Trainee: 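One structure follows; several queries about it will come next.
All values below come from the heavy atoms of this structure, side chains included, with hydrogens, waters and symmetry mates left out. The shown structure was predicted, so the numbers you read here are calculated from the model rather than taken from an experiment.
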Amino acid sequence: MTSARGEPSDSVQRSAGKLLAIAHRAGNSLAALRAAVEAGVDVIEADVHHHRGALEVRHHKTMGPLPLLWDTWELMPASRPRLGLTELVRAAAAGATFMLDLKGRGTDVGVEVASLLHVEAPERPVIVCSREWPVLDAFAGVDWIRVVRSARKPAELAALRAHVPRSGGYGVSVHQSLLSADLVAELREHVEVVMTWPVNDLRTLDRVVSAGATGIISDEPAILREVHARA
């Protein structure tokens with residue numbers, strides 16, 4: 001959401017003590033988008049690929065020359081209709097805040113997403129994140145887009161810890177298996193928000209909240225409701 005002056009709302013600018021409820025992959029289909037909006041989550045995450053000149057919203061990956069898309073334990077025909085980022089942004093209510101997880105190592109996805117957002121969502125607060133940090137360079141200097149660098153593996157986390165003191169910025173996202181109170185305290189010296197994922201049960205939620213995480217990324221509506229209850 002934005003204010004009358006176009007400034008980011010609290011769903012992006014986290015107020016003191018507020019936990020952000022982030023619906024994991026909820027932007028990957030229009031049905032999931034509608035459900036997340038109705039549930040009142042703070043942020044809707046979507047996975048974005050740049051494939052054959054188009055920005056596609058999906059978690060499934062291509063299989064090179066094979067006419068298939070794949071994800072863990074799942075195959076689907078590549079001919080199945082794919083949601084485009086333009087369609088997703090246009091379908092969202094004005095108050096929906098997206099976190100776009102940019103996939104792939106090429107920088108084209110960052111450049112193309114930045115170009116699209118300037119046309120389709122100018123001045124609308126959007127979070128962009130990636131484990132492939134060079135794709136985020138396209139958003140440097142765009143003050144209404146919040147950049148989040150992600151770390152899934154120990155080597156990525158080591159690089160993040162070295163990078164953040166130099167760059168600062170809005171936030172970081174760290175896999176819950178790597179999170180600790182000492183790490184969160186270290187990162188919070190330089191960034192506003194420390195997100196973590198996946199948080200899909202109460203035990204994990206209790207642990208990461210106790211560690212100081214300020215953004216909770218979950219697939220489970222019950223966990224997202226609990227995050228709101230604790231905010």
Side-chain angles (χ1 to χ4, degrees), residues 12 20-37 39 41-64 68-78 80-92 96-117 120-121 124-139 145-153 156 171-176 193 195-200 215-221 223-224:
V12 175
L20 292 179
I22 304 162
H24 193 216
R25 304 183 187 174
N28 288 0
S29 76
L30 296 184
L33 168 67
R34 287 190 291 269
V37 170
V41 301
D42 297 305
V43 178
I44 299 165
E45 192 253 13
D47 300 297
V48 181
H49 297 256
H50 185 246
H51 181 65
R52 296 181 178 177
L55 290 171
E56 299 177 350
V57 182
R58 54 179 168 81
H59 194 265
H60 287 71
K61 306 170 187 66
T62 58
M63 295 185 69
L68 295 169
L69 299 175
W70 70 276
D71 200 354
T72 307
W73 311 116
E74 185 178 7
L75 291 174
M76 59 183 285
R80 183 176 296 183
R82 306 182 196 181
L83 179 62
L85 182 57
T86 299
E87 183 182 1
L88 176 69
V89 172
R90 290 179 178 177
T97 297
F98 286 113
M99 181 164 75
L100 305 178
D101 189 355
L102 308 187
K103 302 296 187 180
R105 296 185 178 181
T107 57
D108 286 353
V109 64
V111 172
E112 293 298 323
V113 169
S115 177
L116 183 146
L117 292 177
E120 296 292 340
R124 175 176 174 174
V126 176
I127 301 168
V128 292
C129 68
S130 183
R131 290 171 62 190
E132 303 294 338
W133 303 345
V135 309
L136 301 172
D137 291 344
F139 305 94
I145 295 179
R146 301 295 189 259
V147 171
V148 171
R149 291 173 173 82
S150 299
R152 169 65 179 85
K153 299 177 180 179
E156 295 172 352
V172 297
S173 182
V174 177
H175 193 271
Q176 56 88 7
V193 173
M195 304 176 180
T196 190
W197 91 98
V199 181
N200 290 332
I216 306 301
I217 305 172
S218 180
D219 301 275
E220 298 296 332
I223 296 298
L224 295 170

Trainee: Could you please spell out the steps behind the side-chain contact (heavy atoms from CB on, under 4.5 Å) verdict for T107 and D137?
Mentor: CA-CA 8 Å; T107 57; D137 291 344; over 6 Å; no
Trainee: How far apart are the closest heavy atoms of I217 and S173, and which atoms are they?
Mentor: CD1-OG, 3.8 Å
Trainee: Using the rule given for side-chain contact (heavy atoms from CB on, under 4.5 Å), can you reason through E87 versus L30, listing the C-alpha separation, both sets of side-chain angles and the distance that settles it, and then say yes or no?
Mentor: CA-CA 9 Å; E87 183 182 1; L30 296 184; 3.6 Å; yes
Trainee: Give me the atom names and distance for the closest heavy-atom approach of S150 to W133.
Mentor: O-NE1, 3.2 Å
Trainee: Less than 4.5 Å apart, any side-chain heavy atom of L85 and any of E120?
Mentor: no
Trainee: Would you indicate whether the side-chain heavy atoms of F139 and L102 approach each other to under 4.5 Å?
Mentor: yes
Trainee: Check step by step if side-chain contact (heavy atoms from CB on, under 4.5 Å) holds for I22 and I127.
Mentor: CA-CA 11 Å; I22 304 162; I127 301 168; over 6 Å; no
Trainee: Mind checking the NZ-CD spacing from K103 to E132? Nearest 0.5 Å is all I need.
Mentor: 9.5 Å
Trainee: Just verifying a value: how many Å separate H175 NE2 and W197 CH2, rounded to the nearest 0.5 Å?
Mentor: 6.0 Å
Trainee: Among V148, D101, V147, which one satisfies side chain to side chain contact (heavy atoms under 4.5 Å, CB included) with V128?
Mentor: V147
Trainee: Looking only at non-hydrogen atoms, find the nearest pair between G27 and I44 and report the distance.
Mentor: N-CG2, 3.5 Å
Trainee: For the residue pair C129 and M99, what are the closest heavy atoms and their distance?
Mentor: SG-CG, 3.9 Å
Trainee: Nearest heavy-atom pair of V135 and G104: which atoms, and what distance?
Mentor: CG1-O, 3.8 Å
Trainee: List the steps, then state whether side-chain contact (heavy atoms from CB on, under 4.5 Å) holds for V89 with R124.
Mentor: CA-CA 11 Å; V89 172; R124 175 176 174 174; 4.1 Å; yes
Trainee: Taking all atoms of both residues into account, what is the closest heavy-atom pair of V193 and G215, and its distance?
Mentor: CG1-N, 4.4 Å
Trainee: Working to the nearest 0.5 Å, report the span between CG of L88 and CG of L55.
Mentor: 11.0 Å
Trainee: Please report the interatomic distance CZ(R131) to CZ(R149), rounded to the nearest 0.5 Å.
Mentor: 15.5 Å
Trainee: Would you say the side chain of D42 lies within less than 4.5 Å of the side chain of T97, judging by non-hydrogen atoms?
Mentor: no
Trainee: Using 0.5 Å steps for rounding, measure from the CG atom of L224 to the CG atom of N200.
Mentor: 8.5 Å
Trainee: Under 3.5 Å, is there a donor-acceptor pair between the side chain of N28 and the main chain of D47?
Mentor: yes
